[in-house]
Amino acid sequence: MHQANRWFFHPVFIFIVSILALTSSLILYIYWYLEANTGIQLIVHKFNIDSSQILKAQTWLVILILSMLVALILIGIFLIFVYNQKTFQLYRLQNNFINNFTHELKTPVTSLKLFLETFAKHELPRETQLKYIEFMLQDTIRLSDNISRILNLAKLESKVFDGNFEILDIFIFISDFVNKNNHLFQKCEVNIIKVNENQRVFYKINQGLFEMFLMNIFTNAIKYNKSQTPKIEVEFEIQDKKLLIHFIDNGIGIEKKELKKIFKKFYQIGQSDNMSAKGTGIGLYIAQSVAKAHKGKLIAESKGAGTGSVFSLILPLTFKKNL
């Protein structure tokens, strides 16, 4: 009974009933109008009355105008329905995000509490202390990363960026980023390939934003990876006055139907799958937002599950320098 009531008040059901009711009323009105018009014409002919004295028939004009008005009403109802469905979907994604993000925060906090209580209650050998401290540092990094994502998301959506956009050698910038964050990629194989040895490509970037972009792309490639040694290959390509930077990984891959959805805010692939449901669902949304802030876009390619992925950053090449 409860399920029946829920379906009865479902937006799809209300939308269909509204359309049927409106269409039926239009059909009945046209039918009534034609019948009434026919009756009036019979009376006019029977009593030989001047039709202009009673009613000047403009049936099809009235029907046309009425049909146009109904069409506008139907379009309005449809747009309201689509907006309502998108709002409902966003609300559901936000709920999933809150649940996942709460878990992402609660897990390291609980772990830290447990280790601190252990330190408070027991005298531990130095070796064990160092082991536990290492675990606590990992939890702290995890906690800090999650908080940073939320702060970064807020900055991007408010368009409040730290620092200016500067023309920099983008190859050197990515190489420096990998070296600076080497502690995060120690168990990975990272390979950066130039366009060619004699060419340097410059682009106007915001250093803070671009580091945010790279961090999300690299951590995703590592997090969603079942290989013994995660591999990330960065390739540069110049094509039709565009700079393409390909980030190729050997991760779990992406199904074709998910390729466009993954850049939506809060969207996560396969929430029933523990491996795929990691994170908060905003990493790639942030990466795409950073790409747009640099007048570019980010696209994803994959042949399916288990085949790895290629994320390509496409930037308009307005400034380049050959050495």
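All values below come from the heavy atoms of this structure, side chains included, with hydrogens, waters and symmetry mates left out.
For Tyr132 and Phe115, the ring centers sit closer than 6.0 Å to each other. In this structure, Tyr285 has its ring center at least 6.0 angstrom away from the ring center of Phe263. Aromatic pair His294/Phe165: centroids less than 6.0 angstrom apart.
Of all the heavy atoms in Leu284 and Ile262, the pair that sits closest is CB-O, 3.6 Å. Residues Ser302 and Thr307 share a closest heavy-atom pair of OG-OG1, 3.5 Å. Residue Val234 comes nearest to Phe218 through the heavy atom pair CG2-CZ, 4.0 Å, listed as atom of the first residue, atom of the second, then distance. Taking each heavy atom of Lys187 and Thr229 in turn, the nearest pair found is O-CG2, 4.0 Å. Of all heavy-atom pairs between Glu255 and Ala305, the closest is OE2-CB, 3.5 Å. Across Val290 and Met212, no two heavy atoms sit closer than the pair CG2-SD, 4.2 Å.
Counting heavy atoms from C-beta outward, Ile286 and Ser289 have side chains that stay 4.5 Å or more apart. For the pair Leu116 and Met136, the minimum side-chain heavy-atom distance is below 4.5 Å. Side-chain contact check for Lys297 versus Lys292: every heavy-atom pair is 4.5 Å or farther apart. Side chains of Glu211 and Lys180 form a contact here, defined as non-hydrogen atoms less than 4.5 Å apart. Side-chain contact between Asn206 and Asn164: absent, with no pair of heavy atoms (C-beta onward) separated by less than 4.5 Å. You'll find the side chain of Ile232 stays beyond 4.5 Å of the side chain of Glu189, heavy atoms only.
Atom-to-atom distance recorded for Thr140:OG1 and Leu112:CG is 4.5 Å, nearest 0.5 angstrom. Between the NZ atom in Lys295 and the CG atom in Leu315 there is a gap of 11.5 Å [rounded to 0.5 Å]. Note that the CG atom of Asn179 and the CD1 atom of Ile172 stand 11.5 Å from one another [nearest 0.5 Å]. Of the inter-residue distances, the one linking Asn191 atom CG with Lys231 atom NZ reads 10.0 Å to the nearest 0.5 angstrom. Atom CD of Gln129 and atom NZ of Lys131 lie 13.5 Å apart (nearest 0.5 Å). Residue Ser309 holds its OG atom at 14.5 Å from NE2 of His246, rounded to the nearest 0.5 Å.
Under the 4.5 Å side-chain heavy-atom criterion for ILVMFWY residues, no single connected hydrophobic cluster contains both Leu244 and Phe171. One hydrophobic cluster, built from ILVMFWY side chains closer than 4.5 Å, holds both Phe173 and Phe311. A continuous path of Ile, Leu, Val, Met, Phe, Trp and Tyr side chains, each step under 4.5 Å between heavy atoms, connects Ile133 with Leu124, placing both in one hydrophobic cluster. When the side chains of ILVMFWY residues are joined at heavy-atom separations under 4.5 Å, either directly or via intervening members, Ile248 and Ile222 end up in two distinct hydrophobic clusters. The hydrophobic cluster containing Phe247 also contains Ile192, counting ILVMFWY residues as joined when their side-chain heavy atoms lie under 4.5 angstrom apart, directly or transitively.
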Problem - Residues Leu168, Tyr203; criterion side chain to side chain contact (heavy atoms under 4.5 Å, CB included); working and verdict - result: CA-CA 6 Å; Leu168 298 172; Tyr203 197 81; over 6 Å; no
Exercise for the section: Apply the test side chain to side chain contact (heavy atoms under 4.5 Å, CB included) to residues Leu214 and Ile174: give CA-CA distance (whole Å), side-chain angles for both, the deciding distance (0.1 Å), then the verdict. Expected result: CA-CA 8 Å; Leu214 293 173; Ile174 294 175; 4.0 Å; yes
Practice task
I would like to know whether Leu313 and Ile299 meet side chain to side chain contact (heavy atoms under 4.5 Å, CB included); could you show each step before the answer?
Solution key: CA-CA 7 Å; Leu313 174 61; Ile299 61 171; over 6 Å; no
Handout entry: side chain to side chain contact (heavy atoms under 4.5 Å, CB included) between Glu301 and Leu259, worked out
Key = CA-CA 7 Å; Glu301 296 173 279; Leu259 287 173; 5.7 Å; no
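Using a distance-only test at 3.5 Å, with no hydrogens or angles considered, a donor-acceptor pair links the side chain of Thr219 to the main chain of Met215. Counting only distance, with no hydrogens or angles, the side chain of Ser227 and the backbone of Asn250 share a donor-acceptor pair below 3.5 Å.
Other residues, nucleotides and ligands place more than 12 heavy atoms under 6.0 Å from the CD atom of Glu117.
Ion pairing between Glu237 and Lys242 fails under the 4.0 Å rule for side-chain N and carboxylate O.
Using a 3.5 Å distance cut-off with no hydrogens or angles, the side chains of Asn225 and Asp249 do not pair a donor with an acceptor.
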